[in-house]
Structures are given as C-alpha cells and as structure tokens.
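Okay, so here's the structure we're looking at.
Bear in mind that the values here come from a model prediction, so they are computed numbers and not experimental data.
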Amino acid sequence: MSTSERPPRGHNAAVLLGLLRGRDGLGRAELAERSGLTPQAVSKIVARLRADGLVAEAGRESTGGKPRTLLRLVPEAGYAAGVHLDRDWLTVLLADLAGRQVGCVEGPFRSAGEPGAVPAEVAARLGEVAAAVPAGRLLGVGVGCPGPLDHRTGVPHRVPGLPQWDGYPLRAALAERLGLPVLVDKDTNAAVLAEPQPAGSSVYVHLGSGLGAGLVLDGALYRGPRTNAGEFGHQTVRLDGPRCACGNRGCLEALCLAALRAGDTVGAARLVGVGVANVVRLLDVDRVVLGGRAVLAAPEVFVREVAAQVAERIPDPGWRPVPVTVARAGRRAVAAGAAELVLAPLFGRGV
Ligand SMILES: [Zn+2]
C-alpha cells in the first residue's frame, strides 16, 4: 500500500496516543494491557505511528528481565490553535499535541462589532503566533465565543451584546480565510475542556463579560441537541428584576453584572453561589469549577461565597459537600480548551 492510500488512523491508534499523552514513557506490553489490544495489534499500530512521526522511543528500561523499549508521544508533531473571541478581548494561542501552550497573543478585539472583519483579525493574530511552526503541522483551529450558537454549523445566534453576529457563518468564514479545519463552540464548553477530566459530573461556571456554564455529565461534555445547555446566566432568580440583555427580566446574569458594576464583588459571588446551588440540586454534580475574569480578579471571594451558598442552601446530610475550585487554566481557559476541541479527538477523547 502506498503512503497516499494509507487509511486514516483509527480509533485504536487514538486510544494508544491517548495513553501516551501526558506520560513520560510506556512500553508496548503496558500499552496492550491498558488498551485491551493484543500485543501484535499494538506493535503494528505503533510502527505506523512511529513512521508518521507521532511516536518515538523514549529509551530503554530494564526491570531484571528483558529490557523493554519505552515509547512517547512526539508533542511537536502537530499543533492546534485555540481562539477565544470575547466581547472585547481576543486571545489566540498555540498548543502542541501534549496540550502545552507554545505561544499566545492577545489584545482588544477590534472587529467584535463587525463579524465580517473577524476572520482577517484572527488570521493576523494567528500568523503572529504560528510563524515558528513548520508548514503543515497546524492541524486546525478551535474557537470559543459567547453563545447561543450552533456548535455543528458554527453559526452564532442572538448573542447578548453582539446582535450583529446573529446568523453570521463564523465557522465557514474562518475556515475559508485560514485554510484550516475550524471548530466553534460556546466559551463555557471550550473552557471545560481545559480542565482535567476526572470521572463523574462537573459544572464550570464562567463569569466574564457574561455568565454561563459548561456541563460535563457522567464524563462527557453536555451541549444539548441545539447547543443550548448551560445557559446558566439566564435562569430567573427575581421575577420583577431588572431587564437582562437577553430580553427577559430578573436573570442571574443581569443581577450579577449589576453587582459587579457597583463594585459589589461579594454580592456578585453570592449570586453565582445561588445559581450554583440550583444546579447542584438539579444535577447532583461532583464538583464546581469557577472561571472568567471577574472570578479570577477575586478568586478567594468567589470560592468562599459560592461554597457558603451551596452549604447553606443544601444542608441535607444526604448530599456530599461539593468541592468548589478555580479553573486551572486561569484566564486562558477558553482559548486552551478551544485548542483541545481540535486535539482531543486525536487521543480518543470525545468532545
Ligand atoms: Zn437573561
């Protein structure tokens, strides 16, 4: 079979790459044991991955018997760009196959009010950050932006504060301009992917220029059939409350942003805590992760107040205390997770 006829790497190769990702080295026998594949299948797939430059030898290890060859992922064999389009801030980072950030540019998002100019601005930033990467190694671009949007088509809907984006073919326009595969998801869904993924269910709450949540339920990102899950900020918490950017009244987001504008960080954190307690009640999640620039500006306040609201509102002894932490990826969580939209499937991780 010639190189051009080689079939695409399949699921088993992705599983092996996933086992090697984040580890210093594994032998073929360990790969077989952990993947459930036969040693013969592992040897065959590893030979192909080595020929493709994705896997290399990491040395030899002797444990008394026959020395075994350790294998490792080659992180610089491929890269993905992660783009965070926030309402007023643009972040473009480059991650290698191991998910390590190897470059980042960020600054005011100048074309936010004019979607037709977004591809050119993103292309210019990407050009700066990807200049050092050999041609052909940039595998794709993941984009995280405010919702609502359709994840499959990459078309934003009526995004509060960005009415011009309604119906703009963001994914198609970026793919055409960049000449690369592009994936678009809500900022909160992208941010979830930047976090370590322990088993179970998590809610990631993002408070920046808006308020939203990403949901991991039973180990898988949950978007809902129309990418509408996680509209955490638009739960009504005050029936006669102030008008929200979404058109309704008394949304959690409207109250939270008003508190922040008034300089009342504790009040904003308590409101987030009320919403989180509702979600914990509804979905029985195992953990809560907080992110977004408003949270990162006062992380201790948010962790303390959210944990206090959850404890106060769910005092039942049948509920295990739910840990509340701050996003590990910090202010680049959305961009880092957006790159992961491209990378994760290579390692057999569904997104
Ligand atoms: Zn609303």
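No more than 12 heavy atoms of other residues, nucleotides or ligands shown are found within 6.0 angstrom of CZ on Arg226. Atom CD of Glu33 has 12 or fewer heavy atoms from other residues, nucleotides or ligands within 6.0 Å. In Asp316, the CG atom is crowded: over 12 heavy atoms of neighbouring residues, nucleotides or ligands sit closer than 6.0 Å. No more than 12 heavy atoms of other residues, nucleotides or ligands shown are found within 6.0 angstrom of CZ on Arg158. Counted within 6.0 Å of CD on Glu176, heavy atoms from surrounding residues, nucleotides or ligands total 12 or fewer; the atom is thus considered open. For CZ of Arg125, the number of neighbouring non-hydrogen atoms (other residues, nucleotides, ligands) closer than 6.0 Å is greater than 12. More than 12 heavy atoms of other residues, nucleotides or ligands sit less than 6.0 Å from atom CZ of Arg243.
Using a distance-only test at 3.5 Å, with no hydrogens or angles considered, a donor-acceptor pair links the side chain of Asp286 to the main chain of Ser201. Using modelled atom types, one side-chain atom of Glu253 and one backbone atom of Leu211 make a donor-acceptor pair closer than 3.5 Å. Counting only distance, with no hydrogens or angles, the side chain of Lys186 and the backbone of Asp150 share no donor-acceptor pair below 3.5 Å. Using a distance-only test at 3.5 Å, with no hydrogens or angles considered, a donor-acceptor pair links the side chain of Thr227 to the main chain of His151. Side chain of Glu121 to backbone of Val118: no donor-acceptor contact under 3.5 angstrom is found. Of the possible polar contacts, none joining the Arg34 side chain to the Ala29 backbone as a donor-acceptor pair under 3.5 Å is found. Between the side chain of Thr236 and the backbone N or O of Cys251 there is no donor-acceptor pair closer than 3.5 Å. Between the side chain of Glu305 and the main chain of Gly273, no donor-acceptor pair closer than 3.5 Å is present. The closest donor-acceptor contact from the side chain of Arg72 to the backbone of Ala58 lies at 3.5 Å or more, if one exists at all. Judged by distance alone, with hydrogens and angles left aside, the side-chain atoms of Arg48 form no donor-acceptor pair with the main-chain N or O of Lys44 at under 3.5 Å.
In this structure, Arg137 forms no cation-pi arrangement with Tyr79, as its terminal cationic atom is not both closer than 6.0 Å to the ring centre and no more than 45° off the ring axis. Judged by the 6.0 Å and 45° rule, Arg281 forms a cation-pi pair with Trp319.
Contact record, Leu260 with Ala268: CD2-CB, 3.7 Å, taken as the closest heavy-atom pair. Contact record, Ala338 with Gly82: CB-CA, 4.0 Å, taken as the closest heavy-atom pair. Counting all heavy atoms, side chain and backbone alike, Ala327 lies closest to Tyr204 at CB-CE1, 3.8 Å. The heavy-atom pair separating His234 from Cys246 by the smallest distance is ND1-SG, 3.5 Å. Minimum heavy-atom separation, Ser35 to Val15: CB-CG1, 4.0 Å. Closest heavy-atom contact between Ser209 and Leu257: O-CD1, 3.8 Å.
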CA sep, side-chain torsions, deciding dist, call: Leu17, Leu73, side-chain contact (heavy atoms from CB on, under 4.5 Å): CA-CA 7 Å; Leu17 287 170; Leu73 178 72; 3.8 Å; yes
Do Arg332 and Cys104 pass the side-chain contact (heavy atoms from CB on, under 4.5 Å) test, and can you show the C-alpha distance, the side-chain angles, and the key distance before you say yes or no? CA-CA 9 Å; Arg332 290 182 183 163; Cys104 182; 3.4 Å; yes
Evaluate Ser43 against Arg28 for side-chain contact (heavy atoms from CB on, under 4.5 Å), listing each step before the verdict. CA-CA 7 Å; Ser43 288; Arg28 286 178 177 77; 3.7 Å; yes
Go through Leu149 and Trp165 one step at a time and tell me if the side-chain contact (heavy atoms from CB on, under 4.5 Å) criterion holds. CA-CA 10 Å; Leu149 55 80; Trp165 288 35; over 6 Å; no
Evaluation steps, salt bridge (charged side-chain N to carboxylate O under 4.0 Å, His left out), between Arg68 and Glu30: CA-CA 10 Å; Arg68 62 190 185 126; Glu30 278 174 289; 2.4 Å; yes
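From Leu139, atom CG reaches atom CG of Leu180 across 9.0 Å, with rounding to the nearest 0.5 Å. Distance CG/Leu20 to CG/Leu31: 5.0 Å, rounded to 0.5 Å. The OG1 atom of Thr69 sits 3.5 Å away from the CZ atom of Arg60 when rounded to the nearest 0.5 Å. Rounded to the nearest 0.5 Å, atoms NE2 (His84) and CZ (Arg331) are 11.0 Å apart. The distance from atom CG of Leu94 to atom CZ of Arg100, rounded to the nearest 0.5 Å, is 12.0 Å. Note that OH of Tyr222 and CG of Leu217 are 7.5 Å apart. Values are rounded to the nearest 0.5 Å.
When hydrophobic clusters are built by joining Ile, Leu, Val, Met, Phe, Trp and Tyr residues whose side-chain heavy atoms come closer than 4.5 Å, directly or via intermediates, Leu271 is grouped together with Val326. Each of Leu70 and Ile45 belongs to its own hydrophobic cluster when Ile, Leu, Val, Met, Phe, Trp and Tyr are linked at side-chain heavy-atom distances under 4.5 angstrom. Hydrophobic clustering (ILVMFWY, side-chain heavy atoms < 4.5 Å, transitive): Leu341 and Val334 are in distinct clusters. The hydrophobic cluster containing Leu126 also contains Val184, counting ILVMFWY residues as joined when their side-chain heavy atoms lie under 4.5 angstrom apart, directly or transitively. Hydrophobic clustering (ILVMFWY, side-chain heavy atoms < 4.5 Å, transitive): Val74 and Val102 are in distinct clusters.
Annotation: side chain of Pro156 is in contact with side chain of Val159 (closest heavy-atom distance under 4.5 Å). Leu71 places none of its side-chain heavy atoms less than 4.5 Å from the side chain of Leu26. The shortest side-chain heavy-atom distance between Arg87 and Leu162 falls under the 4.5 Å cut-off. Residues Phe232 and Val279 have side chains in contact (heavy-atom distance under 4.5 Å, counting atoms from C-beta outward). Within the 4.5 Å cutoff, no side-chain heavy atoms of Val342 are placed close to those of Val182. Looking at heavy atoms from C-beta onward, Leu97 lies in side-chain contact with Leu54 at the 4.5 angstrom threshold. Residues Gln164 and Glu114 form no side-chain contact, since every pair of their non-hydrogen atoms from C-beta on lies 4.5 Å or further apart. The shortest side-chain heavy-atom distance between Arg21 and Leu343 falls under the 4.5 Å cut-off.
In summary, Arg293 and Asp187 do not engage in a salt bridge, as defined by a charged side-chain N under 4.0 Å from a carboxylate O.
Partner Thr325 forms a side-chain contact (heavy atoms from CB on, under 4.5 Å) with one of Val288, Val289, Val303 and no other, that one being Val289.
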